[in-house]
2 protein chains.
Amino acid sequence: MTPRTTTLSRSGSHARTAQTTRARGTQKTSQTATKTQGQEESVRFAALGGLEEIGRNMMFFEYKDEIVVIDAGLQFPEEETPGIDYIIPNTTYLEGKKQNIKGIVITHGHYDHIGAIPYILDRLGNPPIYTTNLTKEIIMKRQEDFPNSPKPAFIMINGGEKVSFGNYFSATFFDVVHNIPEGIGMILHTPIGNVVHPGEFKFDYGHDGKPKGLDTWKWVGEQKIHTLMLDSTGSETPGYALSERIVEQELEKLFRTAEGRIIVGTFASLLDRLGEIIKIASKLGRKVAISGFSMKSNIEIAQRLGYLKDQKSTIIPIEEVKRHKDDKVLVLCTGAQGEPNASLMRIANGEHRYITVKPTDTIVLSSSVVPGNERSVQNLKDSLSRQGATIFHYKMLDIHSSGHAPQEELKMVMKLVKPKFFLPIHGYYFMRRRNAKLAQEELNLKPEYTILADNGIVVELRKNEVTLTKEQLPSYYVMVDGLGVGDVGEVVLRDRRTLAQEGMLVVIASLSKQNGRILKNPDIISRGFIYLKENQGLLDEVRKKIRSIVGRIPRHQPLDADYLKTIIRDQIGQFLYNKTKRRPMILPVIIEV
Amino acid sequence: MTPRTTTLSRSGSHARTAQTTRARGTQKTSQTATKTQGQEESVRFAALGGLEEIGRNMMFFEYKDEIVVIDAGLQFPEEETPGIDYIIPNTTYLEGKKQNIKGIVITHGHYDHIGAIPYILDRLGNPPIYTTNLTKEIIMKRQEDFPNSPKPAFIMINGGEKVSFGNYFSATFFDVVHNIPEGIGMILHTPIGNVVHPGEFKFDYGHDGKPKGLDTWKWVGEQKIHTLMLDSTGSETPGYALSERIVEQELEKLFRTAEGRIIVGTFASLLDRLGEIIKIASKLGRKVAISGFSMKSNIEIAQRLGYLKDQKSTIIPIEEVKRHKDDKVLVLCTGAQGEPNASLMRIANGEHRYITVKPTDTIVLSSSVVPGNERSVQNLKDSLSRQGATIFHYKMLDIHSSGHAPQEELKMVMKLVKPKFFLPIHGYYFMRRRNAKLAQEELNLKPEYTILADNGIVVELRKNEVTLTKEQLPSYYVMVDGLGVGDVGEVVLRDRRTLAQEGMLVVIASLSKQNGRILKNPDIISRGFIYLKENQGLLDEVRKKIRSIVGRIPRHQPLDADYLKTIIRDQIGQFLYNKTKRRPMILPVIIEV
């Protein structure tokens, strides 16, 4: 264990060491953790995702021939990645060392922590997955959609337990509160000291409004912590999290005023919230019908594991909703983000099999709006509102709380854990930097003791220093599109973006092999550029231009098809730009027959 | 003028009338405001944009052969309209009656109120534009980019003035506070009574925190108002607007702590804010350099009109920034939304000619994030943050205030104006409905007296009733893309969206005219689907499949090219879906030579 020294001497003496090491790092090219002359062995750390975005969380620790991985999540596609299903972490480095992987610890059951599992498990040699019961069940449910992914080997863990991953790494787990049950954090015991990875968490507040479970953090603080890692998602949010107790109270108040049906849209993954809502409904004598595949299967898992035991009779099948009076029903459904095929959207569009909006409905959107979904949510609200329903959303009332500790909670954990080094994880650079600043202020740490690593950057942890190396592991996006994993790259995406902007135009010139003369009027196909039927004149001009371009090619030399294509592309492109101020993708085809 | 009756008798007796009229409306097909048997003449109202979105505001009033238009704005493109530059109001109806248009009143100089002018002016027969000095200058500046648009004929107006538009309509204008100077509202005097259109406004608060200028609203309330129209953008926001005085104070506090340069990113259109920032800089002895074409030209206009008189020496050319000490400089620039080519983005990317980020810079984003821009703003903050700058944004401090009156301000105006009818404008349906609810509660109005009209729906205003008709004027999107106005329709957009999702594949089969045999191996071009170089095997399979499809066509009958294309599209589409679970657009081409 790392012996603790006073803050002053730490900051004073090691600041220089850290700088020296960083300078040395520039010459470093080794791919493995080898012992540097005169230097102690280091534990290597790198994130393969999650440090430059919110999502696709995956990181690992390496010492000699042993590796422990934490999480394997996915990221949802962005505007810049059209047509992509998911983005997953880049596991190239780990694939080359799969025999060394002692296990993957999964901190909780959200997709940004488990979603990549079916894609990477085989590539990593199917190492054991250390996780809690509920998380295991959620992972197993998802595996059903991936018949070719190997059967995962689970090792069940619980808060308070200690496991050993091999010769060098072991971990003591502890329970954390997130917005899905059975989240865990861990103290990873490494050869250079104890590293805390708390998973994702927020504080749990009792009915007295005071944070509960601070004992855990106090206990963690007594374990001589070398490095503390903390989720940065909430690092720009001042204050404390809105207590789930308040959310519960607000929801109950709201539900009590509803005179007709209540329809609540939220994330299927907010299992705690779902549980709360079911409890309140039960208390108010309302039956709960669940709509949405993912929500249904999550609640089934929760029930199977003994959650919601007392509410068994509350839950009814969605097809039975009509048998109950409106004021005795609550519908819990997916789609609060306006996702096209989710339940609430189908309800709004009149496409739901069992639920049609009534003017007496009270519709509650109990989730924040994920950036990028604003417009869909506006449309969803508009559509529900037009059908007369009364709508409540999180901006109007305290009916949603984030699962990520905001500033004051982060600071409290820092104070209790008192680490020597701080390594903010999860989130954009500016969020991690904010988190690092909090630690600098709260723990009086010099900036060199707060580490801002990017995805793929190898960090070396030694007893008395943590250094960023210049070693960059592959960490570029691996995109999942249909059956393809990683086969859609920047070229394909760039083409998709270009096609989306101004469409394309294929021009086909059939030339005679004998004399290079054009055999027939050029064919033109265009999509996404202009409406062809109304622009025949423009197309005729393009055809004429092509004939003239081909006509100008000297006949006495063999046809250079590539050259001809380039001229067509340039000249037709310029011509269309002058005419329309648009730049469709021009695709010339030369057919020689 | 409309005689006022008591609330009780109004609500009681006319509720039925309104319903009767609405029922009658279903049979109504007339396109003009003709006198219905036994019914008094009505003033017709319709919005051509702005009632189902935020943006492209345009509405008009019509009585007999006279029409008055209010605003002609644009809307920025959405995810659903890839490649589009702008969306403008549909003026089809007005184009057919251009000789009747007596004028266009422009309430203020924001693009969602002026942006469509260069596109529609000619189509509407270049009617006179009634507006204030500053708004005129902004419109004229923009006209420079549209040499083919006619020279607008302006009639200058000021708050307090009354103008007559013809025989039936006149207006008394009054000044309103927005976040651009010289915004105006109006009482439109019509044959059926006074209608208030206040433009867009918020309250101005004095240093004592009390709203100023309530006298105007009181005066409006004394004019016997038939119908009040109010902007609904802020109708879901509780409370009062954050006073610009507070924003000013917060900015000043922040600026005082900055030790190096200050770089402020905001909207070029927030002219009031720009003025405030320049004043504070001047007070703190900092020179202000402006970067960004639109911001520069807006400030030049403001200066020319006598705004910012005392700060003349404060403003310096951007190329002179380096001549001043860092703590004596403030850079005011566009691009706080992360727009690719705006100044702040170029600064962040190291592409700005005069400004490079320094770790001592304080960068302030003084604007809210427009929905859809979240990701770009994250990237902007990340990039600036990586270069060491300290960043402040509106979520961290009170350094931005919306220009739209929130609930309590809307309610105060309702109370002061005391209209007989309420017609919420500007905003999505759920926002307008919320606004209508506020009026129902605040003014004790029955729902029939609060009118929710959609774009294009003709509303008939009579002395004692306002009714929604079934008459729907064309109000579908008119899209501007390059030089084309309205030539990009749903088909082209759908193709763009499809191309963006999975790309496309053109397969070209060259067949012999004589015997229908395939002449050469089919050509395949694909973009945005898969990376062709790495998927030659798949392409070979596609070629084989096409040969086999063509081979199966009976030789003894003439080739049905359309039929062949359909089979190729279906079978190749299905084949690729089975292989990849993607559905690229398949474009078969049959060349007969």
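All chains are named by letter (A, B, ...) in the order of the sequence lines, taking the proteins before the strands, and each is independently numbered beginning at 1. Everything quoted here is computed from the prediction, not taken from an experiment.
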For residues [X] and [Y], report the shortest heavy-atom separation together with the two atoms involved.
| X | Y | answer |
| --- | --- | --- |
| Ser510(A) | Val593(B) | CB-CG1, 4.4 Å |
| Gly503(A) | Leu499(B) | CA-CD1, 4.4 Å |
| Asn578(B) | Leu483(A) | O-CD1, 4.0 Å |
| Arg527(A) | Asp495(B) | CD-OD2, 3.1 Å |
| Asp382(B) | Phe430(A) | OD1-N, 2.8 Å |
| Ala500(B) | Pro82(A) | O-CB, 3.2 Å |

[atom1] of [X] to [atom2] of [Y]: how many Å apart, nearest 0.5 Å?
| X | Y | atom1 | atom2 | answer |
| --- | --- | --- | --- | --- |
| Lys520(A) | Glu592(B) | NZ | CD | 8.0 Å |
| Leu493(B) | Tyr531(A) | CG | OH | 13.0 Å |
| Ile525(A) | Met585(B) | CD1 | CE | 11.0 Å |
| Thr498(B) | Arg496(A) | OG1 | CZ | 12.0 Å |
| Glu52(A) | Gln378(B) | CD | CD | 13.5 Å |
| Asp481(A) | Arg582(B) | CG | CZ | 4.0 Å |

So which of [options] has the biggest tally of heavy-atom pairs under 4.5 Å with chain B?
| options | result |
| --- | --- |
| Gly484(A), Gly482(A), Ser385(A), Ser512(A) | Ser385(A) |
| Met431(A), Met504(A), Arg494(A), Arg497(A) | Met504(A) |
| Glu502(A), Glu534(A), Lys437(A) | Glu502(A) |
| His393(A), Glu374(A), Glu53(A) | Glu374(A) |
| Ser526(A), Ser383(A), Gly83(A) | Gly83(A) |

Below 4.5 Å from any heavy atom of chain A, which atoms of [X] appear? Answer side chain, backbone, both or neither.
| X | value |
| --- | --- |
| Ile508(B) | side chain |
| Asn535(B) | neither |
| Leu519(B) | side chain |
| Thr580(B) | backbone |
| Arg434(B) | side chain |

Let me know if [X] has heavy atoms under 4.5 Å from chain B in its side chain, its backbone, both or neither.
| X | answer |
| --- | --- |
| Asp523(A) | side chain |
| Phe529(A) | backbone |
| Arg386(A) | both |
| Arg432(A) | side chain |

Heavy-atom pairs under 4.5 Å with chain A, option from Pro238(B), Gly489(B), Gly388(B) with the top count: Gly388(B)
Basic-acidic side-chain contact under 4.0 Å: Lys581(B), Asp85(A): no
